[in-house]
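Proteins come first, then strands; the chains are lettered A, B, ... in the order of their sequence lines, and each starts at number 1. Worth knowing before you read on, the calculation uses all heavy atoms, side chains too, and leaves out hydrogens, waters and symmetry mates.
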Amino acid sequence: MDIMSIFKEQANELLMKFGISKEVERAKEGFGDFTLPCFFLAKKYRKNPAEIARDIANKIEKNEYFDKIEAVGPYLNFHINQKKLSEIVLKNTLDEKIFQFDKKGKVVVEHTSANPTGPLHVGRARNPIIGDTMARILKEYGFEVETQYFVNDAGLQVATLLWGIKNLRNENEQENDTKCDHKLVRYYQRASKMAKEDKIVEKEIRETMKNYEAGEPELRELAKKEIGCVLSGISETLRRINVEIDKYVWESTLIPHTREIVSKLKEYLSEENGAYYIDFKKLNVKLQKDKFYLYRQDGTTLYFLRDIAYHLEKAKKTKKIIDVMGEDHKLHFNALREVLKLLDPAIDMKALFYSFVSLPDGKMSTRRGNAVYLDDLIDEGFKKAMEIIKDRGYDTNEENNIAMAVATSAIRYSILNVQEEKKIVFKWDRALSFDGESAPFIMYTYARAISILSKTEWCGEYNHEKLTHPNEIKLLKLLAEYPTVVRESVEKLSPYIMAKYAYSLATQFNQFYRDCPVLSSDLNTKNARIALVKAFTKVMEHVMNNLGISRLQKM
RNA sequence: GGGCGCGUGGCCUAGCAUGGAUAGGGCACCAGCCUUCUAAGCUGGGAAUCCCGGGUUCAAAUCCCGGCGCGCCCGCCA
């Protein structure tokens with residue numbers, strides 16, 4: 001239930017009586033709640049906007065939803081009736097109607113899909129954090145969400161890893177890392193370096209890829225074991241930052257379907273030295289390039305083809321598909337969408353693109369070995385949090401829980417708090433910020449609220465008219481925004497809208513906390529304030545859940 | 001060279017879609033606030049040519065055109 005729109009519609013209705021169909025806008029802080037800038041009426045009435053605003057303000061009928069409708073210069077400002085506001089917000093939040101959204105059917109959200117050649121690094125981490133958060137918000141909005149990870153076990157990168165494991169691993173080598181992703185990445189790094197310098201190695205890797213696609217049992221076995229192991233390392237890291245993937249789809253399982261798909265695309269195909277590509281000139285689609293290769297000269301499949309097969313597979317489940325991808329995939333995605341349009345016109349594909357996370361001195365790359373691993377960042381955050389809480393009298397178990405929750409939530413938030421299309425330059429102190437606009441700030445605020453509730457018994461009754469302090473009213477208004485925030489995050493496919501909301505909600509609660517004592521107030525005020533704190537914790541729980549930020553009762 | 005995205009105090013960031021009222025936050029810095037619901041908090045302060053130049057408009061950070069800078073893409077890699 002969208003509470004703010006109830007008030008907005010009331011305002012629009014009042015204006016309809018003047019023949020004004022332009023909708024009111026949200027007013028700036030200090031100018032009421034909604035406003036109608038009257039400039040656009042100036043020509044029609046041949047009067048200056050301020051005069052028009054004044055005229056309307058004099059004639060307009062108020063109703064129970066508004067206290068005051070006044071002209072301020074050329075603006076007509078609407079002030080919401082506070083009692084009506086507190087009544088509606090408290091009631092609908094406490095009985096959870098504010099969290100009810102229409103059911104919207106299935107959607108597949110693909111995210112992360114990092115090559116299983118090594119540990120997740122901080123550059124890659126933007127994908128699961130944005131993807132998982134988007135999936136959570138879609139769920140909240142009423143979608144039935146399935147998240148998927150496309151496991152690239154068929155391409156050149158993975159063949160490089162397999163070749164490396166087969167040829168470079170020896171029993172004398174110390175493999176101190178306990179996680180496979182960290183243990184095996186060295187072979188990938190060495191093998192790709194060798195392939196660059198040595199034509200024979202490169203040829204062998206291509207041979208490996210070919211044999212793997214052809215289904216050679218020994219290689220299949222090796223891949224299943226070792227890639228599976230790297231992947232379990234990656235998913236363990238993901239779990240540490242509260243990311244759970246519903247389904248892993250291995251690329252190699254799709255290769256058998258590719259022949260059939262290609263036969264349907266025959267009329268758009270061209271051949272060059274035995275390699276096949278889709279010619280976008282034949283599709284009459286203008287992209288930055290025309291040739292999208294499906295098969296190599298040696299007959300092995302290419303990512304573009306496998307991705308077509310994968311998306312058709314997704315489309316069997318639902319036509320609504322959302323891909324979370326780095327901005328480097330934009331051209332690929334546009335081409336993919338065009339091809340899928342031919343194969344299944346009902347497919348509704350959307351993409352959430354994000355820009356890269358780089359290091360101050362340039363790109364992060366597993367292959368080049370200059371990446372900051374996500375596991376290391378989490379460990380570092382854990383240490384930092386431990387340092388802060390070690391003298392606060394928690395037992396070891398609690399300490400570990402709190403420090404881990406703080407570290408992982410802080411990392412998630414530092415990514416989510418930036419608009420997706422802005423690039424991020426990684427800095428340790430920024431990624432692990434615990435003050436100001438950060439997850440720990442939000443978690444701390446929540447813990448404060450919980451602490452109040454834990455110190456009192458509440459009868460469940462309240463008189464909403466007791467809430468009159470400006471910081472009570474502001475908090476109520478912000479709570480009322482929740483459904484709008486969810487909807488906007490979904491419509492714009494932008495989790496950061498939710499992240500910004502979490503911060504403003506926490507900030508506003510802290511203002512309330514400072515000015516409006518709960519437990520020491522007279523009984524009626526106390527009960528109303530408890531209701532408000534309760535409402536706040538309910539909304540905040542949903543917000544934190546949307547963002548994948550852990551909730552702590554104490555910290 | 002072409003395409004896409006970004007450019008806001010020392011650093012980071014919101015606002016830009018749908019032009020409007022003092023450009024909102026955070027970090028860092030300075031000065032304050034813990035005998036009263038958790039100081040990971042709160043209050044106050046200094047700090048901005050909204051990349052540059054044109055244009056549209058009563059009004060431009062926001063729209064249009066032209067530059068500049070940065071990132072990404074233009075692979076029989078993914």
Q: Classify the nucleic acid contact of Y503(A) as base, sugar-phosphate or nothing, counting any heavy atom under 4.0 Å across all strands shown.
A: sugar-phosphate
(Q) Please classify the nucleic acid contact of K363(A) as base, sugar-phosphate, or nothing, using heavy-atom distances under 4.0 Å. (A) sugar-phosphate
Q.
Could you tell me how far U62(B) sits from C52(B) if I compare only their P atoms? Round to whole Å.
A. 10 Å
Q | Selection from C70(B), G15(B), C42(B) that lies nearest to any side-chain heavy atom of N510(A) | A | C42(B)
Q: For nucleotides U57(B) and G19(B), find the distance between their P atoms and express it as a whole number of Å.
A: 16 Å
(Q) Classify M443(A) by what it touches in the nucleic acid, base, sugar-phosphate, or nothing, heavy-atom distance under 4.0 Å. (A) nothing
Q. What nucleotide, of G15(B), A78(B), C58(B), holds the atom closest to the side chain of Y496(A)?
A. G15(B)
Q. Side chains of S521(A) and K466(A): donor-acceptor distance under 3.5 Å anywhere?
A. no
Q. Which nucleotide, C12(B), U43(B), A21(B), lies nearest any side-chain atom of R430(A)?
A. C12(B)
Q: Could you measure between the two C1' atoms, the one in U18(B) and the one in C76(B), and give it in whole Å?
A: 46 Å
Q) Quick one: which of C42(B), U8(B), C74(B) gets closest to the side chain of K422(A)? A) U8(B)
Q: Taking atom C1' in both A14(B) and G2(B), compute the distance separating them and give it to the nearest angstrom.
A: 33 Å
Q: For the residue pair E541(A) and Y446(A), confirm or rule out a side-chain donor-acceptor distance under 3.5 Å.
A: yes
Q) Is it true that E213(A) and K210(A) make a salt bridge, defined as a side-chain N closer than 4.0 Å to a carboxylate O? A) no
Q.
Would K291(A) and Y293(A) count as a cation-pi pair here, with the cationic atom under 6.0 angstrom from the ring centre and within 45° of the axis?
A. no
Q. Distance between the C1' atoms of C42(B) and U49(B), in whole angstroms?
A. 34 Å
Q. Is R26(A) touching bases, backbone alone, or none of the nucleic acid, heavy atoms closer than 4.0 Å?
A. nothing
**Q.** Pi-cation contact, Y394(A) with K554(A) (under 6.0 Å, within 45°)
**A.** no
Q.
Both I402(A) and Q297(A) contact RNA chain B. Which one's nearest nucleotide lies toward the 5' end?
A. I402(A)
Q: Classify the side chain of K423(A) and the base of C70(B) as holding, or not holding, a donor-acceptor pair under 3.5 Å.
A: yes
Q | Nearest-nucleotide comparison on RNA chain B, the residue closer to the 5′ end among T507(A) and R306(A) | A | T507(A)
Q: Specify the separation, in whole Å, of atom CD1 of I442(A) and atom C1' of G26(B).
A: 12 Å
Q.
Counting the atoms with a prime plus P, OP1 and OP2 as sugar-phosphate, which does Y513(A) contact under 4.0 Å by heavy atoms, base, sugar-phosphate, or nothing?
A. base
**Q.** Out of G15(B), C58(B), C6(B), whichever nucleotide has its closest atom nearest the side chain of Q419(A)
**A.** G15(B)
Q. Considering only the C1' atoms, how many Å lie between G10(B) and C33(B), rounded to the nearest integer?
A. 27 Å
Q. If the C1' atom of G26(B) is compared with that of A48(B), how far apart are they to the nearest Å?
A. 16 Å
